[in-house]
Amino acid sequence: MIEVLIFATLNGLVTGLLLFMLASGLTLIFSMMGVLNFAHASFYMLGAYFAYSISLYTGFWPALIIAPILVGLVGALVERYGLRRVHKSGHVAELIFTFGLAFLIEEAVQFFWGRSTMNYRSPDILNFPLFTLFGQNFPAYKAFMIFISVSIFIGLYYVLTRTRIGIIIQAAITHPNTVANLGHNVPFIFMAVFGAGSGLAGLAGVIAGPVLTTFPGMAVVLGSIVFVIVVIGGLGSLGGALVASLLIGLLQSYAIASNLGMPDLLNLLGVSFASDHPLNDIWRLTLPQIAPILPFLLLVLVLIFRPSGLFGKRES
Amino acid sequence: MLRKSIVWIVFAIVLLVLPQIFTSIFSISIFTQMTIAIVFALSYNMLLGQGGMLSFGHAVYFGLGGFLAVHALMMIENEEMMFSVTLIPLVGGLFGLIAALFIGSFSTHKAGTVFAMISLGMGELIAASSLILVSFFGGEAGVSGDRTYGPPFFGYDFAQGIEVYYLAAAWMFVATLCMYLFTQTPAGRMANAVRDNPERAEFIGYSARRVRFISFAMAGFFAGIAGGLFAVNYEILTEENLNAASSGRVLLMAYIGGLGFFIGPIVGAIVLTLINSLLSNYTTLWMLYLGILFVLTVMFLPRGLTGFLMMHRVPWHLGKLRLLAVPYTLTSMPGAVFLLGLVAMIEMSHASGSEFVYLGIALNPDGYGSWAFLLAVTGVAFYVLRLTLPRLRDAWSEANTITRKPDHAAKESGGQS
Amino acid sequence: MSLLQLQNVSKSFGETAIIRDVSLSIAQGEKHAIIGPNGAGKSTLFNLISGRYGVSSGNILFKGNPIHNLKPFEIARMGLARSFQVTNIFPLLSVFENIRCGLLWSMDYRYSFWNLVSRQKALNARTEAVLEEIGLHDRRNFPAGELAYAEQRALELGIAIASGAEMILLDEPVAGMSHSEAKNAVALIRKVTEGKTLVMVEHDMSIVFDVADRITVLVYGEVIASDVPAKIRGNPRVQEAYLGEVVTGDGVEATHA
Ligand SMILES: Nc1ncnc2c1ncn2[C@@H]1O[C@H](COP(=O)(O)OP(=O)(O)O)[C@@H](O)[C@H]1O
Ligand SMILES: [Mg+2]
């Protein structure tokens, strides 16, 4: 029992921190530009694919640096030549644009890399069990993922609170017009933030690709969950995004690890149903089965009862 | 009034004669798909175009309606119920309505991002649940039925594709008429007002939430009818019919067609069905082209294809449309060559084997010669295209300039409905 | 009997008190002007009465019923219409549609989705009449968002008066209009509020003293005087706080705070 709990916690942490790498960029972009970027997870996918192709030539470690930079550049270009143009048609048009972009990137990935799963693997030096607990291995690569995510989190915190550009970004989030008046180039800051956010998502893709498999559907798998996180956390709240990421990561991990379900609940209540009962599917539900829908359930509940999210102040 | 009636009569006649002109089974099946897509896209436009509600989960109502319709087909088959298959779309519509009444009761509280996110969440939730609740949704395989049981309708048993087409076309005609008439009712007019300015609507006596709720319920009803038509046509429904990809597709259709116009989604549904069924015969990359088309539309034609056509109303009313004929021709020729060249390169990069025949020209994907040729043709076409643009721009502004007396009619009613 | 009554109404945004303990009573048929410097809280007062904001404390009664907890649409249905200082129209709808929407509820169409608006003779005739009155008849088919500023102000006024509500609140209805446009607008306001109750925020003193039966002076969220024009003119506190030396013995110069 205890080993299940420990490993579920560790796995939940890995997922949660990974989700936060995506959610933090998405949150920054939203707070600056008011755009909920549907294509954010597509940049994550691009990161994995870029890293795979680069690693064929250079190995994993250079790809870890180069791929996120490339993805960041793509993001900056998308902002400069796409989003900025659509901006004048309003937020709905922007949302639809990023939606179309997500669609397009998925098709483009299939165009360049095909439909099959890429053989993108973690580097050999990290292919060993870091420790063994109750006969179960914890891979070193997952520890590496935790390390990268936490470093990014610290770095982001440092940049936002201690550096000049971070202060400007914070000011731009709360008072978009004043920053322009102070003579800062707001369009450039927008482009930079969009690029940096995309780069962060790309980095998440680079490190997640080997574990979560690199295939054309990987953006869709994570995309709506990341959306859910930023909305649950409260649009524009970085702290909220962190809490929500960990919450969702752990929740899913526990749900998958437990093998509890309705049968147990019914046993506990001493109720039973014949196997041809019309609601039989419901009476047989287990937690691992409903793990994928938990985030969405949470999303709908939060939006109904607290539309500004758990930590959000603003309502759209 | 008379003019409008004529439009509807012509519409009905077109629907009647179309399958008599294009008689192949293939084209009739495309027409049927179109009618279903039109109802679905129009219902989506009740939300986004008319009510200002951006939904990422509209396929839920289409799918739920469709699933219940298939169950109704099965009940007819098992003789648990006796009614004509012609009424199946209504079953779908009612179930779509019930689902929309339930979900709308909390999701229409706000428009904007909150609404969009709830629709996304509900969409994912229901799509995922549908895979779990196997007895109703049939899991991955879906549920299927047979439309040929039940009492025949004036001797027709709907075994033939053309009979299904006429059934679908009749339903589509009625549904389109109803959706159009809805826009002309107090609730429909206020839907537009709330879209434009929900706050002001409250100060003239209307609850923005209630207005949205009514549009939402209507949209669910008509999406359910489309789902019911789908059930009759394909006799099978799967999770794919209510998932996020389906919801995305209907957004795409309505947007590419043009949200601000009643006929926009109809145009979008026709164009996308054609792309879907014709292009997919020629290339495996049609989804890529669709993605490009979508992104370019959002960027350059925010009012969609219909909006592009409507841009010509001013020159038309000024009697200056013919000024554009020559510049359009001059621009579109290199433009077409440029596009074809690009497509050729995209296709050739994916051609298997050493031979690739494109528009009757044999090219060699492995040889430098073919690539150089395509690059040169495309490059020159692009260069010429750019040379023609200034002339087009001048002609456009000339065609939109009032030279004689000011003509108010030119700007009449902006097309927002 | 007073149609509208404010009892010790206060409103704060965060820490700052914007409306402080305002009590006011407006009688049926009265033409009431509210004046005061910019930022005094006049628009906020309208927003409280019409339900846009909730009060922090106090009561607001309309026709004897408390309305301070009602939603804007509930208050509007009781017969209170308003216009906005910052133009607040339906930009994509045509001018005609804007006015017609303003009429729908008052003509009892509610949320009906079985009547076709084009068939409603009385509704359309009334819309046409309002368009004629506000002088936008030849603009009827333009999208409202494309009108010139003064035309949008006229439309703003039109939406407010269309329903023929018993009580009409107008927030700086003629601000930004030219002299002659303002004159026409004032004549129109006078005409359509015949027999109705009007509360108007206005900076132009000639209009205020011309139209109003009673005047309330609001300064820093407090009512410093509420009386008939002649008394207001002579009130030393008002002179000091607001009108300054502009008020002369026999007339009033237009002024802006
Ligand atoms: N929604 C709000 N939130 C915070 N402060 C507000 C809000 N609305 C108005 N205020 C403040 O209340 C004061 C009065 O504003 P207003 O009622 O518009 O004045 P007036 O109409 O008399 O010029 C101003 O200082 C304004 O900044
Ligand atoms: Mg004001």
Whether A/Q289 side chain and A/T286 backbone form a donor-acceptor pair below 3.5 Å: yes

Chain B contact via A/F111 - side chain, backbone, both or neither, heavy atoms under 4.5 Å: both

Between B/S130 and B/E239, a side-chain donor and acceptor under 3.5 Å: no

Separation between CE of B/M46 and CE of B/M53, rounded to the nearest 0.5 Å: 9.0 Å

Partner chain B: residue of A/L95, A/L36, A/I290 with the largest heavy-atom pair count (under 4.5 Å): A/L95

Proximal component of A/R115, with respect to chain B [non-hydrogen, under 4.5 Å]: side chain

Polar side-chain atom of B/S280 near backbone of B/N276 as donor-acceptor pair, under 3.5 Å: yes

Any residue meeting salt bridge (Lys or Arg N to Asp or Glu O under 4.0 Å) with B/E199, in chain and number order, not counting sequence neighbours: C/R52

Aromatic centroids of A/F38 and B/F56 separated by under 6.0 Å: yes

Exercise: identify the closest heavy-atom pair between A/A241 and A/I229: O-CG2, 3.7 Å

B/H109 and B/F115: CA distance, side-chain angles, deciding distance, ring pair (Phe, Tyr, Trp, His ring centres under 6.0 Å) verdict: CA-CA 8 Å; B/H109 200 77; B/F115 175 86; over 10 Å; no

Chain B interface, residue from A/I96, A/L299, A/L294, A/V86 that has the most non-hydrogen pairs under 4.5 Å: A/I96

Ring pair (Phe, Tyr, Trp, His ring centres under 6.0 Å) assessment of B/F216 paired with B/Y61: CA-CA 11 Å; B/F216 189 85; B/Y61 310 96; 5.6 Å; yes

Residues of residues 282-297 of chain B near chain A, each having a heavy atom less than 4.5 Å away: B/T284, B/L285, B/M287, B/L288, B/L290, B/G291, B/I292, B/F294, B/V295

Which of A/F99, A/F227, A/F97 touches chain B most, by non-hydrogen pairs under 4.5 Å: A/F99

Contacting region of B/L54 [heavy-atom separation from chain A under 4.5 Å]: side chain

Step-by-step side-chain hydrogen bond (donor to acceptor under 3.5 Å, both in side chains) determination, A/W113 to A/S53: CA-CA 9 Å; A/W113 283 279; A/S53 289; 2.8 Å; yes

Distance-minimising heavy-atom pair for A/P295 and A/A291: CD-O, 3.5 Å

I'd like a table of donor-acceptor pairs (distance under 3.5 Å, sequence neighbours excluded) in which one partner is a side-chain atom from residues 216-223 of chain A, with atom names and distances.
none

Close contacts, residues 246-258 of chain B versus chain A, judged by heavy atoms under 4.5 Å: B/G248, B/L251, B/Y255

Any donor-acceptor N/O pair, B/Y358 side chain to B/V343 backbone, under 3.5 Å: no

B/L48, part contacting chain A, at a heavy-atom distance under 4.5 Å: side chain

